[in-house]
2 protein chains.
Amino acid sequence: MSHTVGIRRTQKLKTRQALLGAALQLLEHQSLSSLGLREVTRAVGVAPTAFYRHFEDTAALGVALVEEALGSLHGMIGEILAATGDSEVRLDRSVDLIIHHVREQPAHFRFIAREQHGGVGPVREAIAAQLLSFAEEVAATLAEDPDSRGWSDEDLLMLGGLYVDHMVLTASAMLEAGPAGEHRVAEVARRRLRLVTLGRLHWLDGTNPADAPGVPCTSDDD
Amino acid sequence: MSHTVGIRRTQKLKTRQALLGAALQLLEHQSLSSLGLREVTRAVGVAPTAFYRHFEDTAALGVALVEEALGSLHGMIGEILAATGDSEVRLDRSVDLIIHHVREQPAHFRFIAREQHGGVGPVREAIAAQLLSFAEEVAATLAEDPDSRGWSDEDLLMLGGLYVDHMVLTASAMLEAGPAGEHRVAEVARRRLRLVTLGRLHWLDGTNPADAPGVPCTSDDD
DNA sequence: CAATTGAGAGTACGAATGTTCACTGACTTG
DNA sequence: CAAGTCAGTGAACATTCGTACTCTCAATTG
């Protein structure tokens, strides 16, 4: 029997993680489709051939990076969705959380934004799949909100996708703007969210209130 | 004086255009940062060194492609903005125009979507500048709309940017979905536009029409 | 018409790429 | 403890790359 569990496996995971980390760093200034296998191994300090022990392709490495990056994003979305209170407050909190996570994991956001429409098919698909599941998660949470009474599943998913796309766009804009422009980007993001929220509140205005119990006259406080 | 005008210049422009076209085609399956100089010249059937007669870099070629691609986009935006009639009708027409242009110039849209957040700085900046000017153009047109009475310039630009971003996102989604999914993507795009339009109509609901329009002052983040 | 220009061809170079193969040696297992 | 597994090594491979040269010769110019 083995008492010591995986000294070997541990070391392997360590180098694998090192490869992922080095790649993420190198991808700050280029896209995945131009990332060289040797480039990554050189940064880690490992022989080029060792790469194959972990990934078949740089594309496969990219897919692994998607998992990693959107894993951390998943946590953030959970935080946003868990927020309570006035919609304006939740809106501010959402943007603040995006700011915070972009500062903490800039490379992850940059990678997602860059490769979402990038040149490597499998990576694009992986990102699309993950973002879709995020949108579904958001939609499911929205469905529980009283403001979403009478909404069809399709519309909820549409709105969830809108929020997710907006999040990625905002994060990318912040990275591009740098610390100096963060404030401005955040302000615009807030306004956009506000606009979408307004549209959301009036989505069912034209529909039959007997059919779908919407909000014909839940007056907004002023 | 020269009677014949630029047989030589004409030929040069022709090869330049051939280089741009070949590059655009090659960029269908990769990003600009991995596009090789030789790759482009080989596709055109010209010596690698001839490339330098037209562009200093592949990055410079990318910037030239931005001009070309967003030139055609500019025409489309003009068409969209020139549309008249009910907002629902204009909305449908906008999406139809996007569909039409994506079908006609898929490579241009793909290039813009891909390199907007891509690995080549100068190209990113060129795209950002052009898209900003589009947003300003949209904002200027929105300003003339009766529905936009009382809107601040900042809010108008925010909305214009939202429309532009949405357009790029929609075009990219259509390319990804292919002809089969075009319909579905168009439907979602319409709903999103409808939501934004609703938000737009209620943007000033809470503000005092006699007082200064706009958004109440916001809290600053840390 | 003679002189000049300049787009493109051709060759050559060093550097870097992905991938193969046989190998070592520390860890794991029976 | 002996046998086997396997992460990582190092050399070698055929390509591809960007770029620096010289050269050609048709279009332009004065």
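Here is how names work: the chains are called A, B, and so on, in the same order as the sequence lines, proteins then strands, and each is numbered from 1. Please read these numbers as outputs of a predicted model, since none were measured by experiment.
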### Message
Whether A:R194 and B:D155 form a salt bridge (side-chain N of Lys/Arg under 4.0 Å from carboxylate O of Asp/Glu) is what I want to check.
### Response
no

### Task
With side chain to side chain donor-acceptor pair (under 3.5 Å) as the test, would you mind laying out the steps for A:S34 and B:S34 before giving the verdict?
CA-CA 4 Å; A:S34 71; B:S34 72; 5.7 Å; no

### Task
Whole angstrom is fine here: how far is it from CG in B:L13 over to C1' in C:dG8?
15 Å

#### Entry: Contacts of type ring pair (Phe, Tyr, Trp, His ring centres under 6.0 Å), residue B:H74, not counting sequence neighbours
B:F134

### Query
Between residues 49-57 of chain A and DNA chain C, which residues have a heavy-atom gap below 4.0 Å?
A:T49, A:Y52

### Query
Is B:R124 paired with B:E115 through a side-chain N to carboxylate O contact shorter than 4.0 Å?
no

### Query
Which residue lies toward the 5' end of DNA chain C, B:R9 or B:V46, if each is placed at its nearest nucleotide?
B:R9

### Query
For B:E88, does the CD atom have more than 12 heavy-atom neighbours from other residues, nucleotides or ligands under 6.0 Å away?
yes

Check nucleotides 13-17 of chain C against the protein and report each pair of N or O atoms closer than 3.5 Å, with its distance, or say if there are none.
residue, atom, partner, partner atom, Å
C:dT17, OP2, A:R42, NH2, 2.5

### Message
Without decimals, in angstroms, what is the distance between B:Q17 CD and C:dA7 P?
### Response
16 Å

### Task
With A:F109 as reference, evaluate A:L73, A:V168, A:T170 under the side chain to side chain contact (heavy atoms under 4.5 Å, CB included) test and give the passing residue.
A:L73

### Within 6.0 Å of CD in A:E79, more than 12 heavy atoms from elsewhere
yes

### Message
Can you list everything that forms a salt bridge (Lys or Arg N to Asp or Glu O under 4.0 Å) with B:D165? Sequence neighbours excluded, please.
### Response
A:R192

### Message
Checking side chain to side chain contact (heavy atoms under 4.5 Å, CB included) between A:L20 and each of A:V44, A:L61, A:T15, which is the one that passes?
### Response
A:L61

### Query
Quick check: are there more than 12 heavy atoms from other residues, nucleotides or ligands sitting under 6.0 Å from CG of A:D153?
no

### Task
Give a yes or no on whether the backbone of A:W151 and the side-chain of A:S148 come within a donor-acceptor separation of less than 3.5 Å.
no

### Query
In whole angstroms, how far is the C1' atom of C:dT5 from the CD1 atom of B:I7?
15 Å

### Query
Does anything in residues 22-33 of chain B reach DNA chain D, meaning a heavy atom under 4.0 Å, and if so which residues?
none

With the criterion being N/O to N/O and under 3.5 Å, what pairs connect the protein with nucleotides 1-4 of chain C, and how long is each?
none

### Message
Please report the distance, rounded to the nearest Å, between CZ in B:R16 and C1' in C:dG6.
### Response
17 Å

### Task
Count the heavy atoms of every other residue, nucleotide or ligand shown that sit under 6.0 Å from CZ of B:R190, and state whether that count exceeds 12.
yes

### Query
Has A:E28 got more than 12 heavy atoms of other residues, nucleotides or ligands less than 6.0 Å from its CD?
yes

